[in-house]
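Chain naming here is simple, since letters A, B, ... match the order of the sequence lines and numbering starts at 1 in each. Basis for what follows: all heavy atoms, side chains included, without hydrogens, waters or symmetry-related copies.
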Amino acid sequence: MKSRKQDKRTGARVGVLHTPHGDIMTPTYMPVGTQATVKGITPASLKDAKTQILLANTYHLYMRPGDELVKKAGGLHKFMAWDRPILTDSGGFQVFSLAKLNKIKDEGVYFNSHVDGSLHFIDPEKAMDIENNLGADIIMAFDQCTAYGVDYKGSKAAMERTLKWLDRCYTHHKNPMQALFPIVQGNVYKDLRIESLKATIPYAKYGIGIGGLSVGEPKNIMYEVMDEMLPYYPTAVPRYLMGVGSPDCLIEGVRRGIDMFDCVLATRVGRNGTALTSHGKVVVRNGVYKEDFTPLDDECDCYACKNYTKAYLRHTINVGEMIGGMMISLHNVTYLNKLMSEIRTAIMEDRITEYAEEFYLKTGGTYK
RNA sequence: GCGGGUGUAGCUCAGUUGGUUAGAGCGCGAGAUUGUGGUCCUUGAGGUCGUGGGUUCGAUUCCCAUCUCCCGCC
């Protein structure tokens, strides 16, 4: 990664990340395409939305259609018709989010498929094999994520196991065309975070993931943990805050030195009728928009905003027509990409702090 | 015309052997959603229990009349 600018007052910075499928301007937001598709948005529209990189999910693609099949198809890029960079999650988060189905041991994780209940086993080596088959530009190490509320002892054990697994991932991963990002854990315990970060840095050749945040803890606690880690990050590689976030979290993350984010929020709330706009959150489903014949966001030039009114989008959402969810998802992704673009410009012009203030003023506290 | 049935929330229906603020599903309103197990979840509003009488301490419930709709018969 090449640095373009480091803000003097905050951790915010602008850089360029090189990958086999093109450069990425950071800070950046990655839409989530769990099952080799960003739900409801075509690759062409993702490009219109100025998407630079997508995230796809190892666990889900391993289950269906299977990583061998994706490899046979010519790799994930070809399979899903996306020729820009892709990052794959390792499946570690699913171990956490599907916890009822699994048994975590030092050697790896035994779990039952959420699809058909069949027994599976994934360990660091297997996760690397799957990610190698999928063929993303950036791959994540197999980690153990803990929930908010897990005690110190449990969080320490998971953090230490993540480090052991990291070493195995690092040793096993051989493809030089795929950049392996290690993941920092440690829950909300500051000393665990610092310990994890320091021990992870030797493996952070291309980038570093910050995992285990935004898992239910209050935002101020997440921010405090990030403040704590900021002085210790390596400067030459991108820092990726996993699973974040909402517009306000993106800004706060950038101010705390984060370069990459991914989040399902934009598409999940989008297909359920909530828009993220430059004037704040708009719950299109709500009755007040029944006869609102204006676009979602008057500052947006996405296809949805150029062609449809809130009244129409509300109607289609309410009757369950796909176009509503598709359009609001497209808008949301467009908005987050635009937000990141504005953030990069603000950093370059030494006014990220002012930009953040304007953002909160303009969105009226609807993001919180 | 006769016989039987029916009428409870916007819709489809429960219910009460007569007893405090009458329920469900759907719909409607609102909230929620952060490395996605394709809306799950939380919550709110809304009813003269067809109408008018009667019996009773008390009727949505029992009785009478009347109206509505459905079925059958002539």
Side-chain angles (χ1 to χ4, degrees), chain A residues 29-41 53-64 86-102 111-117 127 131 136 138-148 162 181-185 207-219 222-223 240-250 252-253 258 260-276 281 283-290 314 317-320 322 324-326 328-329 332 336 366-368:
Chain A
Y29 154 72
M30 302 182 278
V32 179
T34 303
Q35 311 200 71
T37 168
V38 176
K39 296 180 195 302
I41 311 181
I53 172 171
L54 296 184
L55 179 144
N57 191 280
T58 294
Y59 169 86
H60 294 284
L61 292 172
Y62 159 73
M63 285 297 172
R64 293 180 298 192
I86 298 176
L87 178 151
T88 45
D89 188 3
S90 67
F93 185 74
Q94 276 60 45
V95 169
F96 159 73
S97 67
L98 307 177
K100 282 174 190 167
L101 302 174
N102 73 45
F111 60 96
N112 292 101
S113 160
H114 73 281
V115 179
D116 60 9
E131 293 197 85
I138 298 171
I139 64 176
M140 302 306 296
F142 191 63
D143 64 331
Q144 186 187 347
C145 185
T146 50
Y148 177 58
T162 294
F181 281 27
I183 300 174
V184 175
Q185 288 292 345
I208 189 165
I210 314 301
L213 288 177
S214 197
V215 288
E217 77 282 7
K219 284 184 181 179
M222 176 170 85
Y223 297 153
Y240 161 33
L241 178 59
M242 308 181 76
V244 173
S246 55
D248 56 326
C249 287
L250 294 179
E252 295 309 320
I258 301 299
M260 302 167 70
F261 304 86
D262 81 280
C263 195
V264 303
L265 188 74
T267 45
R268 175 180 287 165
V269 303
R271 56 173 188 283
N272 293 313
T274 295
L276 310 173
K281 184 158 82 171
V283 183
V284 186
R285 232 180 41 179
N286 286 2
V288 289
Y289 302 112
K290 193 171 185 177
R314 175 178 191 274
I317 284 288
N318 284 359
V319 298
M322 293 186 287
M326 290 166 62
I328 301 173
S329 293
N332 287 350
L336 291 187
T366 54
Y367 299 124
K368 57 191 174 192

With rounding to the nearest 0.5 Å, note down the distance linking CG in A:Leu241 to CE in A:Met260.
11.0 Å
Under 3.5 Å for both pairing distances: what stems, at least three Watson-Crick or G-U pairs long, include RNA chain B?
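Paired runs of 3+ in RNA chain B: B:1-5 with B:69-73, B:10-13 with B:23-26, B:28-31 with B:41-44, B:50-54 with B:62-66.
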side-chain contact (heavy atoms from CB on, under 4.5 Å) against A:Ala127, all qualifying residues, sequence neighbours excluded
A:Ile122, A:Phe142
What are the atom names and distances for every N/O pair under 3.5 Å that joins the protein to nucleotides 39-45 of chain B?
{"residue": "B:U39", "atom": "O4", "partner": "A:Asn272", "partner atom": "ND2", "Å": "2.7"}

Taking all non-hydrogen atoms of both residues, which atom of A:Phe93 and which atom of A:Asp143 are closest, and how far apart?
N-OD1, 4.3 Å
Taking B:C70 as the reference, what is the distance to B:A32 when you measure between their C1' atoms (whole Å, please)?
45 Å
Residues passing the side-chain hydrogen bond (donor to acceptor under 3.5 Å, both in side chains) test with A:Thr162, sequence neighbours excluded, are none
Sequence-distant partners of A:Ser329, side-chain hydrogen bond (donor to acceptor under 3.5 Å, both in side chains), two or more places apart
none
To the side chain of A:Arg271, which of B:G38, B:U34, B:G37 is closest?
B:G38
Closest nucleotide among B:A30, B:G35, B:U33 to the A:Leu265 side chain
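Of the candidates, B:U33 comes closest.
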Using a heavy-atom cut-off of 4.0 Å across all strands, would you classify A:Lys290 as base, sugar-phosphate, or nothing?
nothing
Any residue meeting ring-ring contact (aromatic ring centres under 6.0 Å, His included) with A:Tyr62, in chain and number order, not counting sequence neighbours
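Partners of A:Tyr62 under the ring-ring contact (aromatic ring centres under 6.0 Å, His included) test: A:His120.
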